[in-house]
Amino acid sequence: MPADHPQHAPARLFPDNRRDGARLLSMGLVITGAALVRFDHPAGRAIALIFGLLSLVGWGCYRRLSH
């Protein structure tokens, strides 16, 4: 890569501010809640499990943010 091109930082999984982190966390919880409505279907169970785990990871990341 030529020297005049700036290096890009690697993509982050979770935002670095509380506002965007809260939005991401709330979207995961809404999807989890919608999937729990159809928990009787295998796809509902899979989506609830996946997004529930992602929400737990997001909650841990959100708690570490200071601003």
Colleague: Which pair of heavy atoms, one from A48 and one from T32, lies closest together, and at what distance?
Modeller: O-CG2, 3.9 Å

Colleague: Could I get the full list of side-chain hydrogen bond (donor to acceptor under 3.5 Å, both in side chains) partners for R45, not counting sequence neighbours?
Modeller: none

Colleague: Could you name each residue pair satisfying salt bridge (Lys or Arg N to Asp or Glu O under 4.0 Å) that touches residues 55-67, not counting sequence neighbours?
Modeller: none

Colleague: Looking at residues at least two apart in the chain, or sitting in another chain, which of them share a side chain to side chain contact (heavy atoms under 4.5 Å, CB included) with I50?
Modeller: L54

Colleague: Under 3.5 Å, which donor-acceptor pairs link side chains of residues 33-44 to any protein atom two or more places apart or in another chain?
Modeller:
unit_1: R38; atom_1: NE; unit_2: D40; atom_2: OD1; d: 3.3
unit_1: H41; atom_1: ND1; unit_2: A43; atom_2: N; d: 3.0

Colleague: Side-chain donor-acceptor pairs under 3.5 Å in residues 20-31, sequence neighbours left out?
Modeller:
unit_1: D20; atom_1: OD2; unit_2: N17; atom_2: ND2; d: 3.2
unit_1: S26; atom_1: OG; unit_2: A22; atom_2: O; d: 3.2
unit_1: S26; atom_1: OG; unit_2: R23; atom_2: O; d: 3.0

